Every structure is written in C-alpha cells, then in structure tokens.
Amino acid sequence: MTNIILLGPPGAGKGTQARRLVEERGLVQLSTGDMLREARDSGTPMGKRVAEVMARGDLVTDEIVIGLIEEKLKSEKARGFIFDGFPRTLAQADALNSLLNRAGQRIDAVIELRVDDEALIDRISGRYTCADCGEVYHDRTRPTKVPGVCDKCGSHDLRRRADDNAESLRQRLMEYYKKTSPLIGYYYALGDLFVVDGLASIEDVAKAIDNVLDQALAG
Ligand code: ADP
Ligand code: ADP
Ligand code: ZN
C-alpha cells in the first residue's frame, strides 16, 4: 500500500498532480472537495448544508469530511490512496492516522506543493474543469488543445467553479493559513514531509514528486 497526502493552498496543483498519479501508479484519488461538490450538486441533505459554507470559502466541519473519508476507505479497493485536499485541520490529520492505523496502514509521504500567494490568484482565476471526466485545465498554462473540447474525453461541458473568484479565494487562503498550514509542522515533526516547488511547470512538478516518492518508498 502506498498512501500519499498532497498538501498546499487552493490552486497549488494538488488535483492536477493527483490525477497523474492515478494514471501512472494506479492509486485512487480521494478529493474531499470533489466529494463535497458531488453532494452539493446532487442536493443531498448534507450537500445542502455545506453549499453555503463552500461558496463563502470556509471549511466544512471536520465531522462531515472525516465521515466522507471513512466511508471511502471502507468501500474502495485500492493499492493505495492519494489524499487531495484532506486533511485540512489537525483534527482531520489525527482522524486519518487512526483510520489508517486501524486498517494496518500508514502515510508514506506528505508532499507539500509550495507556491507563493501571488501565483494562486492567477491559478484560480484561470482554472476550468471537464464536468464529465474531471480533467483540470488553465486558460494560459494548460488550455485544451481544441478550444471548448476536453482533451481526455471529448466532452464540451467545461466549467468554472463558482468559488473560483477573488473574494472566495481570499477567504480560502485565510482558512488555509489559520487551519491547514499547521499541518506542515505536524508532518515535518513526524518525519513524513517532503517539499516540492509548486511554481515549476506541471511536468517538472510531476518529476519532483516522482523523485520524492522513489526516495520515500525506498526508505
Ligand atoms: P481547492 O482545489 O481550491 O484547494 P477543494 O476543491 O479542495 O479546493 O475544496 C473546495 C471547498 O470544499 C473548500 O473551500 C472547503 O469549503 C471544502 N472542503 C474541501 N475539503 C475540505 C476539508 N478537508 N475540510 C473542510 N472543508 C473542505
Ligand atoms: P488545487 O487542486 O491544488 O486547487 P489544481 O490542480 O486545480 O490545484 O490547479 C489549479 C490551476 O492551476 C488549474 O487551472 C491547473 O491547470 C493549473 N496548474 C496546476 N499546476 C500548475 C503548474 N505547475 N503550473 C502552471 N499551472 C498549473
Ligand atoms: Zn473530459
């Protein structure tokens, strides 16, 4: 089993790298953001409760996201998981440790994608996603080859997220610094932290992650 956490602020490139790791290493991506958007869009009672919180850019309660992850860990058969956007608080990190321990598993590497805040505004404001297959694009750095058509699946349903605006981003960044950034110290102290330069090109970030994983999985 290989379990990896991708850590970084909104727009750091977690989803982009997680999808590649799924393709190349056969891991399963667990994105709490995707799970919450799915619940919101299908209008479940929980989805209705979290919609406003997400629109504001606040974090959803630990109880809800830990519950989502617990369910997935039980139901998904995988040779390992990539946690994308989870954990985001110390309570979530502790809960993940216990869930993995109980299953006789552990975190192999926590990869921090380090980027500066100025770059995030550009990342977030240029982001769009295929609604059918989830591929992530960017107006400038990673546009579709044919405008309006997904490279991966041919869908024409490309969408921007309602919360990808400057105001929500400011709030998401504040939440990141207050509640999520302490996890960097937490995982450093556990000896699990690896830092990657998230400002490099998508390909170079991918290479750096591969190097980290070779190192972490060998040791
Ligand atoms: P980004 O790609 O910008 O990092 P995500 O798609 O991971 O954002 O998350 C979108 C929103 O979903 C967050 O702003 C937050 O409201 C909620 N969310 C996602 N993951 C978590 C989590 N682990 N804990 C609390 N809230 C979360
Ligand atoms: P996160 O999941 O951390 O919020 P995403 O993977 O959704 O981040 O990436 C945010 C935006 O930045 C997307 O539009 C994506 O295409 C783009 N992007 C991701 N990684 C890079 C990179 N290394 N260089 C330039 N643009 C990138
Ligand atoms: Zn697609």
Side-chain angles (χ1 to χ4, degrees), residues 5-21 29-40 47 49-69 82-93 95-96 111-115 119-144 148-165 168-176 179-180 183 196-209:
I5 295 174
L6 295 179
L7 191 61
K14 303 180 295 294
T16 299
Q17 298 298 333
R19 289 179 64 80
R20 186 190 59 88
L21 290 166
Q29 177 186 10
L30 295 183
S31 159
T32 41
D34 287 348
M35 295 173 207
L36 291 165
R37 275 185 290 280
E38 215 177 284
R40 181 197 62 194
R49 259 187 292 149
V50 300
E52 247 180 71
V53 177
M54 293 175 75
R56 271 201 309 271
D58 290 339
L59 290 187
V60 169
T61 62
D62 289 334
E63 198 192 351
I64 288 178
V65 290
I66 291 166
L68 286 170
I69 288 288
I82 306 162
F83 297 93
D84 160 15
F86 179 92
R88 263 172 151 99
T89 63
L90 290 166
Q92 291 176 23
L96 179 59
I111 300 177
E112 184 204 352
L113 296 178
R114 194 167 283 179
V115 293
L120 297 177
I121 298 171
D122 175 63
R123 292 270 181 97
I124 291 286
S125 57
R127 170 161 66 185
Y128 57 101
T129 308
C130 174
D132 288 320
C133 75
E135 194 64 15
V136 184
Y137 296 99
H138 188 278
D139 291 324
R140 196 173 41 74
T141 64
R142 196 181 184 283
T144 54
V149 183
C150 176
D151 295 356
K152 287 278 148 94
C153 77
S155 170
H156 289 246
D157 194 358
L158 302 174
R159 297 189 194 173
R160 286 181 202 275
R161 276 167 49 179
D163 61 341
D164 277 351
N165 58 71
S168 160
L169 175 62
R170 212 169 304 124
Q171 181 59 19
R172 281 149 69 196
L173 263 185
M174 192 61 85
E175 291 281 83
Y176 178 79
K179 297 174 185 164
T180 308
L183 295 182
V196 160
D197 175 15
L199 288 173
S201 69
I202 292 175
E203 293 70 31
D204 285 348
V205 174
K207 276 185 213 145
I209 290 176

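What you are looking at is a predicted structure, and each value in this text was computed from that prediction instead of being measured. Order of listing sets the numbers, starting from 1, for every ligand and every atom in it.
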Can we say [X] and [Y] salt-bridge, meaning some charged N sits less than 4.0 Å from an Asp/Glu carboxylate O?
X: Lys179; Y: Asp58; result: no
X: Arg142; Y: Glu135; result: yes
X: Arg140; Y: Asp122; result: yes

Nearest protein heavy atom with distance in Å, relative to [atom]:
atom: atom 26 (N) of ligand 2; result: Thr141 OG1, 2.9 Å
atom: atom 27 (C) of ligand 1; result: Leu36 CD1, 3.8 Å
atom: atom 12 (O) of ligand 1; result: Met54 CE, 3.5 Å
atom: atom 16 (O) of ligand 1; result: Asp58 O, 2.6 Å
atom: atom 2 (O) of ligand 2; result: Gly15 N, 2.8 Å
atom: atom 14 (O) of ligand 2; result: Tyr137 O, 2.7 Å
atom: atom 20 (N) of ligand 2; result: Ile202 CG1, 3.6 Å
atom: atom 24 (N) of ligand 1; result: Gln92 NE2, 3.0 Å

Atoms of ligand 1 close to Arg37 [distance to a heavy atom under 4.0 angstrom, numbered from 1]: 6 (O), 10 (C)

Atoms of ligand 1 close to Thr32 [distance to a heavy atom under 4.0 angstrom, numbered from 1]: 19 (C), 20 (N), 21 (C), 22 (C), 23 (N)

Proximal candidate to atom 22 (C) of ligand 1 [heavy atom criterion; set Arg88, Lys179, Glu175]: Arg88

Closest candidate by heavy atom, reference atom 7 (O) of ligand 2, pool Arg127, Arg161, Arg123, Lys14: Arg127

Salt bridge (Lys or Arg N to Asp or Glu O under 4.0 Å) evaluation trace for Lys14 with Asp84: CA-CA 6 Å; Lys14 303 180 295 294; Asp84 160 15; 5.2 Å; no

Location of contacts on Asp164 toward ligand 1, heavy atoms closer than 4.0 Å: neither

Proximity to ligand 1 by part of Leu59, non-hydrogen separation under 4.0 Å: both

Would you check whether [X] has a nitrogen or oxygen atom less than 3.5 angstrom from a nitrogen or oxygen atom of ligand 2?
X: Val205; answer: no
X: Ala12; answer: yes
X: Pro10; answer: no

So, regarding [X] and ligand 1 (criterion: nitrogen or oxygen to nitrogen or oxygen, under 3.5 Å), is there a contact or not?
X: Arg172; answer: yes
X: Asp34; answer: no
X: Val60; answer: yes
X: Gly85; answer: yes

Thr16 contact mode with ligand 2 (heavy-atom cut-off under 4.0 Å): both

Ligand 2 contact on Ala18 by region, counting heavy-atom pairs under 4.0 Å: neither

Where the Zn ion (ligand 3) is the vertex, angle from Cys153 SG to Cys150 SG to 10°: 110°

Distance-only donor-acceptor check, side chains Thr89 and Asp62, under 3.5 Å: yes

Heavy-atom side-chain contact between Val196 and Arg114 under 4.5 Å: no

